[in-house]
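For reference, the structure discussed in these notes is given below.
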Amino acid sequence: MNIGIIGGGSTGLLLSTYLSRQHSVTIYVRKEDQRIKLMKDGVRLSNYPGRAYIRALLSEDLQDEDCVIICVKQVSISAIIPLLRKIRKNTPLIFLQNGMGHLDDIKELYHPIILGVIEHGAMKLEDNLVAHTGKGKINLAAYQGDEAYLHSLSKKLNHSDFPFDFKENYLRLLKEKLVINAVINPLTALFQVTNGEVMRNRYLHNMAQIICEEACAVLEMDYATRWARVEYICENTAKNRSSMFKDIMDSRKTEIEAISGYIIKKGNGFTIPYTRFLYDSMKAIEIKKGITD
């Protein structure tokens with residue numbers, strides 16, 4: 001297939017590397033410097049020999065593809081919606097974002113749409129170099145369009161070295177990931193610790209449990225099941241820094257609005273003080289750092 005990947009961050013680079021082994025990949029990036037680097041030197045995994053040579057274009061030059069995978073962060077979704085409107089209406093779009101804020105943005109699109117969550121850990125080291133810091137799979141579910149067709153698309157993407165799995169309920173899929181993000185991301189960003197420290201530090205551990213309870217209450221999820229998953233993720237990615245922690249370190253706008261902000265919006269009438277504290281804390285840090293976009 002001809003696959004377009006929008007976003008030159010860690011997720012976009014990771015997908016470009018693996019998917020280019022079976023498909024023709026074009027990555028769409030914001031900056032000309034990165035585009036030139038990718039075209040000249042290809043994209044590399046830090047712990048894997050060789051490199052993948054792919055086509056690289058600027059985002060505004062988005063062309064027709066067999067499918068387009070959107071890997072930009074939540075804060076950039078609204079900016080690329082006008083670009084997506086210009087491509088063929090029968091082109092499947094796959095959105096891989098943290099949080100659930102993008103559900104409002106994609107309502108104006110009429111393409112077949114798949115929503116997904118990525119379990120892999122990845123860290124962008126250079127414009128064309130990414131570290132694969134934790135292996136997992138990418139879970140997908142149909143949002144709109146013919147489900148059988150979208151399921152068949154996920155099978156074409158699936159590979160033993162980089163698995164894709166198709167689920168029946170997109171809302172449940174996103175909620176499960178949202179609980180994890182609501183606990184790990186703001187806690188690690190606020191206290192500037194790795195994921196594993198959330199379990200090792202008894203005070204962070206206690207806070208994490210309460211935040212998980214709050215998120216599960218609002219989203220109507222089973223707490224025991226979701227907390228077990230949070231524990232597993234923290235232990236399995238113990239040395240990793242969350243995406244929100246990295247955003248703060250690099251003075252980038254975080255996805256707090258689409259994560260904790262979404263829970264607060266949906267939790268009108270719920271008592272969720274810890275989630276509100278984390279939301280306010282991250283907003284305060286963004287102001288302190290002068291982060292506006």
Side-chain angles (χ1 to χ4, degrees), residues 1-46 48-97 102 105-106 109-118 120 122-132 137-138 140 143 145 149-150 152-159 161-164:
M1 287 193 299
N2 294 319
I3 299 175
I5 295 176
I6 301 179
S10 57
T11 300
L13 293 177
L14 186 71
L15 266 69
S16 295
T17 302
Y18 281 97
L19 291 179
S20 64
R21 297 174 185 178
Q22 303 291 329
H23 305 279
S24 176
V25 171
T26 301
I27 187 168
Y28 296 89
V29 299
R30 287 191 305 113
K31 297 180 180 179
E32 176 68 4
D33 288 349
Q34 184 179 20
R35 188 196 71 80
I36 293 173
K37 182 74 171 175
L38 287 164
M39 286 293 291
K40 180 181 177 182
D41 300 327
V43 60
R44 297 183 293 129
L45 287 174
S46 63
Y48 186 85
R51 62 191 68 208
Y53 287 97
I54 58 176
R55 190 166 67 148
L57 297 172
L58 294 177
S59 300
E60 56 263 33
D61 297 326
L62 184 62
Q63 300 181 3
D64 286 333
E65 307 281 357
D66 293 327
C67 77
V68 176
I69 306 176
I70 297 93
C71 298
V72 301
K73 293 193 174 184
Q74 282 276 356
V75 295
S76 301
I77 288 291
S78 58
I80 68 164
I81 292 294
L83 299 177
L84 297 177
R85 285 204 214 98
K86 296 178 181 179
I87 64 178
R88 295 175 305 183
K89 293 296 187 292
N90 63 341
T91 303
L93 307 178
I94 302 176
F95 288 84
L96 299 176
Q97 278 72 42
H102 57 309
D105 291 314
I106 65 176
L109 296 172
Y110 297 97
H111 304 73
I113 292 178
I114 293 176
L115 301 179
V117 299
I118 182 168
H120 297 273
M123 181 181 297
K124 179 180 174 181
L125 303 177
E126 297 176 17
D127 276 348
N128 70 328
L129 179 64
V130 60
H132 195 176
K137 61 182 177 179
I138 297 177
L140 304 175
Y143 173 76
Y149 167 65
L150 296 176
S152 68
L153 175 62
S154 73
K155 290 181 178 179
K156 292 179 182 179
L157 295 171
N158 184 50
H159 191 272
D161 287 340
F162 201 70
F164 286 75

remark   = Which of V117, I138, I5, L115 passes side chain to side chain contact (heavy atoms under 4.5 Å, CB included) with L96? It is I138
key: Under 3.5 Å donor-acceptor, Q34 side chain and G8 backbone   = yes
message = If I take atom NZ from residue K31 and atom CD1 from residue I36, how far apart are they, to the nearest 0.5 angstrom?
response = 13.5 Å
Which pairs would a plain distance check flag for residues 65-75, meaning a side-chain donor or acceptor within less than 3.5 Å of a matching protein atom at least two apart in sequence or in another chain?
{"unit_1": "E65", "atom_1": "OE2", "unit_2": "Y28", "atom_2": "OH", "d": "2.6"}
{"unit_1": "D66", "atom_1": "OD2", "unit_2": "N2", "atom_2": "N", "d": "2.8"}
{"unit_1": "K73", "atom_1": "NZ", "unit_2": "D247", "atom_2": "OD1", "d": "2.5"}
{"unit_1": "K73", "atom_1": "NZ", "unit_2": "D247", "atom_2": "OD2", "d": "2.8"}
{"unit_1": "Q74", "atom_1": "OE1", "unit_2": "H102", "atom_2": "N", "d": "3.0"}
{"unit_1": "Q74", "atom_1": "NE2", "unit_2": "N98", "atom_2": "O", "d": "2.6"}
{"unit_1": "Q74", "atom_1": "NE2", "unit_2": "H102", "atom_2": "ND1", "d": "2.8"}

task = Would you sort out whether F164 and L19 count as a side-chain contact (heavy atoms from CB on, under 4.5 Å), showing the intermediate values?
result = CA-CA 11 Å; F164 286 75; L19 291 179; 4.0 Å; yes
query = How many angstroms lie between CD1 in I27 and OG in S20, if you round to the nearest 0.5 Å?
reply = 10.0 Å
inquiry  = Determine whether I94 and L157 satisfy the following criterion, side-chain contact (heavy atoms from CB on, under 4.5 Å), listing intermediate values before the conclusion.
reply    = CA-CA 11 Å; I94 302 176; L157 295 171; 3.7 Å; yes
task = Return yes when atom OH of Y149 has more than 12 non-hydrogen atoms of other residues, nucleotides or ligands closer than 6.0 Å, and no otherwise.
result = yes
query = At their closest point, which heavy atom of D127 faces which heavy atom of D33, and how far apart are they?
reply = OD2-C, 4.4 Å
message = As a quick check of understanding, evaluate side-chain contact (heavy atoms from CB on, under 4.5 Å) for I118 and L15, giving each step before the final call.
response = CA-CA 10 Å; I118 182 168; L15 266 69; 4.0 Å; yes
ask   = About how many Å separate CD of Q22 and CD1 of I3, when rounded to the nearest 0.5 Å?
value = 10.0 Å
request  = Please determine which of L129, L125, L14 meets the side chain to side chain contact (heavy atoms under 4.5 Å, CB included) test together with L45.
outcome  = L14
inquiry  = Nearest 0.5 Å, please: how far is CZ in R35 from CZ in R55?
reply    = 10.5 Å
message = Quick check: closest heavy atoms across R44 and G50, and the distance to 0.1 Å?
response = CG-O, 3.8 Å
task = Mind checking the CG-CG spacing from N90 to D64? Nearest 0.5 Å is all I need.
result = 8.5 Å
task = Return the set of residues passing ring pair (Phe, Tyr, Trp, His ring centres under 6.0 Å) with Y18 (not counting sequence neighbours), or none when no residue passes.
result = H132, F162
message = Can you tell me which residue among I87, L83, I81 is in a side chain to side chain contact (heavy atoms under 4.5 Å, CB included) with R85?
response = I81
ask   = Between the side chain of K86 and the main-chain N/O of L62, is any donor-acceptor distance below 3.5 Å?
value = no
query = Going through the distances and angles, do D41 and R51 end up as a side-chain contact (heavy atoms from CB on, under 4.5 Å)?
reply = CA-CA 8 Å; D41 300 327; R51 62 191 68 208; 3.7 Å; yes
query = How long is the gap from CG on D105 to CZ on F95, to the nearest 0.5 Å?
reply = 8.5 Å
key: Heavy atoms of other groups near K89 NZ, more than 12 under 6.0 Å   = yes
